[in-house]
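Reminder, nothing fancy here: chain letters follow the sequence lines and each chain counts from 1.
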Protein chains: 2
Amino acid sequence: MEAKNKLRMTKQRQVILEELRMVKTHPTADDMYQMLRKRMPKISLGTVYRNLEILSESGIIQKLDVGGTQKRFDGDTTIHSHVRCVACGRVGDIDVKPNCNLEAEAQKMTDYEIIRHRLEFAGLCPLCQQKRKATA
Amino acid sequence: MEAKNKLRMTKQRQVILEELRMVKTHPTADDMYQMLRKRMPKISLGTVYRNLEILSESGIIQKLDVGGTQKRFDGDTTIHSHVRCVACGRVGDIDVKPNCNLEAEAQKMTDYEIIRHRLEFAGLCPLCQQKRKATA
DNA sequence: TTTGGTGCAAAGGCTTTGCAGAAAG
DNA sequence: CTTTCTGCAAAGCCTTTGCACCAAA
């Protein structure tokens, strides 16, 4: 729990990090598990969860808390926003850097001490737009 | 699942709606359950979940997907943002209406069809600020 | 060696659901 | 009456955890 332990670079951890950085899909833990089994058939789901947790605590990857029930992970730790497809759940990146100083703005209106913010969009991904046209 | 059914205003539904509108705390389903039992001791947790779901689908209340594992509910359906205390999980309101047209902005940068957005802040609530001072 | 990590399976937390009886319209 | 809703308990889904063995450093 504490960040005092030294991390070891195990095969599993390495592969998890590689795979996550290789995709731009913001996979869930289980998505990752499915991907990883192809390269490392004996890896366990528990190990995947543990490592994604550890890596995100260390700031090496990012844990996303976008809508939906499952957490998602992002190998890209630069500041950017996300779009979530309301139909299929897919999550994409958006490179919006809200110029307005939202946090200062918000700070004026609350007695919370603002630390950071999160901006997320919801919409329809290209695939689901097509599906909708087909149905209509 | 379909919104075709006519809603009945049962005692339970009525009380749930009243209680939710009475507080400004963005309770979880279980928070609501605890509150409700005082007025209606035999209400079941399942009923609470079902009604919060139905009411939010009907747009009568709002289901919040802020960070943390549990969903929260808000009787206030006007557009506003939320702050979440990173220490205790409490959720407050912030009346920031991002003037900049974020969605149009985002739309330029993605092939998703943007439908809406969500702006959330994270910080320390007054109580947790005090606790931290006391500890430091 | 030492100590953190792994696989496995069981346990946990939150939410949903099947069912028979109750109640709104 | 008819159809939706309720309470209860069981099931489900995602995630975490205990344990004995394994492997980095």
Side-chain angles (χ1 to χ4, degrees), chain A residues 1-20 26-58 60-61 63-73 84 89 91, chain B residues 1-20 26-58 60-73 84 88-89 91:
Chain A
M1 217 153 235
E2 293 301 313
K4 317 238 166 184
N5 312 345
K6 37 196 106 111
L7 294 189
R8 288 182 183 173
M9 190 44 75
T10 60
K11 278 269 166 54
Q12 289 83 343
R13 189 161 294 162
Q14 190 169 265
V15 171
I16 288 171
L17 194 49
E18 278 179 30
E19 286 290 320
L20 182 57
H26 313 87
T28 63
D30 195 70
D31 290 339
M32 290 284 321
Y33 179 52
Q34 301 306 334
M35 292 157 49
L36 291 160
R37 295 175 74 170
K38 292 173 189 160
R39 276 181 69 175
M40 188 177 269
K42 304 220 40 158
I43 197 171
S44 78
L45 185 55
T47 294
V48 175
Y49 271 102
R50 268 183 299 233
N51 277 300
L52 290 172
E53 185 61 33
I54 289 172
L55 291 170
S56 63
E57 271 177 6
S58 312
I60 298 171
I61 65 172
K63 193 201 289 196
L64 306 182
D65 224 343
V66 296
T69 54
Q70 296 173 65
K71 301 262 185 285
R72 291 173 176 271
F73 297 86
R84 175 169 204 283
V91 174
Chain B
M1 215 155 236
E2 293 302 312
K4 317 237 165 185
N5 313 344
K6 38 197 106 114
L7 295 189
R8 288 179 182 175
M9 190 43 74
T10 61
K11 277 267 165 53
Q12 290 83 343
R13 188 160 296 163
Q14 190 168 263
V15 171
I16 289 171
L17 193 50
E18 278 178 32
E19 285 291 319
L20 181 59
H26 313 87
T28 63
D30 195 71
D31 291 339
M32 291 283 323
Y33 178 53
Q34 301 306 334
M35 293 157 49
L36 291 160
R37 295 175 72 168
K38 293 173 188 159
R39 277 181 68 175
M40 188 177 269
K42 303 221 41 159
I43 197 171
S44 78
L45 185 54
T47 294
V48 174
Y49 271 102
R50 267 183 297 233
N51 277 299
L52 289 172
E53 185 61 34
I54 289 172
L55 291 170
S56 63
E57 271 178 6
S58 311
I60 298 171
I61 66 172
Q62 213 181 145
K63 191 200 291 195
L64 305 181
D65 223 341
V66 296
T69 53
Q70 297 173 66
K71 300 261 185 288
R72 291 174 175 271
F73 297 86
R84 176 170 203 280
C88 71
V91 173

Applying side-chain contact (heavy atoms from CB on, under 4.5 Å), name anything that partners [X], two or more places apart in sequence or on another chain.
X       : result
A:Ile60 : A:Leu17, A:Arg21, A:Leu55, A:Ser58
A:Leu45 : A:Asp30, A:Tyr33, A:Tyr49
A:Thr10 : A:Arg8, A:Gln12, A:Arg13

Nearest to the side chain of [X], which nucleotide is it out of [options]?
X       : options               : answer
B:Met9  : C:dG5, C:dG25, D:dT15 : C:dG25
B:Asn51 : D:dT6, C:dG7, D:dT15  : D:dT6
B:Thr47 : D:dT6, C:dC14, C:dG5  : D:dT6

> Can you list the residues that meet the salt bridge (Lys or Arg N to Asp or Glu O under 4.0 Å) rule with A:Asp65, with sequence neighbours excluded?
Replying inline: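 Applying salt bridge (Lys or Arg N to Asp or Glu O under 4.0 Å) to A:Asp65 gives A:Lys71.
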List for me each residue that meets side-chain hydrogen bond (donor to acceptor under 3.5 Å, both in side chains) alongside [X], sequence neighbours excluded, and say none if there are none.
X       : result
A:Lys63 : A:Glu53
B:Thr47 : B:Ser44
B:Arg72 : none

Length of the [atom1]-[atom2] vector between [X] and [N], whole Å:
X       : N      : atom1 : atom2 : answer
B:Gln12 : C:dA22 : CD    : P     : 14 Å
A:Leu7  : C:dT3  : CG    : C1'   : 13 Å
A:Ile54 : C:dG4  : CD1   : C1'   : 9 Å
B:Met40 : D:dC5  : CE    : P     : 15 Å
B:Tyr49 : D:dG12 : OH    : P     : 18 Å
B:Leu45 : C:dG18 : CG    : C1'   : 16 Å

>> Measuring from atom CD1 of B:Ile61 to atom CZ of B:Phe73, what distance do you get when rounded to the nearest 0.5 angstrom?
In response: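 One finds 6.0 Å between CD1 of B:Ile61 and CZ of B:Phe73.
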>> Strictly by salt bridge (charged side-chain N to carboxylate O under 4.0 Å, His left out), give each pair with a member in residues 32-43 of chain B just once, sequence neighbours left out.
In response: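 Non-adjacent pairs meeting salt bridge (charged side-chain N to carboxylate O under 4.0 Å, His left out): B:Glu18-B:Arg39, B:Glu19-B:Arg39.
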> Does OP1 or OP2 of C:dG4 have a side-chain N or O of A:Thr10 closer than 4.0 Å?
Replying inline: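 A:Thr10 to C:dG4 OP1/OP2: no side-chain N or O under 4.0 Å.
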> What bend angle does the helix from C:dT1-D:dA25 to C:dG25-D:dC1 show across its length, from five-pair end axes and to the nearest 10 degrees?
Replying inline: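 Axis-to-axis angle, ends of the helix: 40°.
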>> Please list, in numerical order, the residues of residues 27-38 of chain B that have a heavy atom closer than 4.0 Å to any atom of DNA chain C.
In response: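 Within residues 27-38 of chain B, no residue comes under 4.0 Å of DNA chain C.
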>> For A:Gly67, is there any backbone N or O sitting under 3.5 Å from a side-chain donor or acceptor partner on A:Arg84?
In response: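 Yes: the side chain of A:Arg84 pairs with the backbone of A:Gly67.
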>> Categorize B:Lys11 for me: base, sugar-phosphate, or nothing, with a 4.0 angstrom heavy-atom threshold over every strand shown.
In response: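 No contact.
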Mind listing the N/O atom pairs, protein and nucleotides 18-23 of chain D, below 3.5 Å?
residue, atom, partner, partner atom, Å
D:dG18, O6, A:Arg50, NH1, 3.3

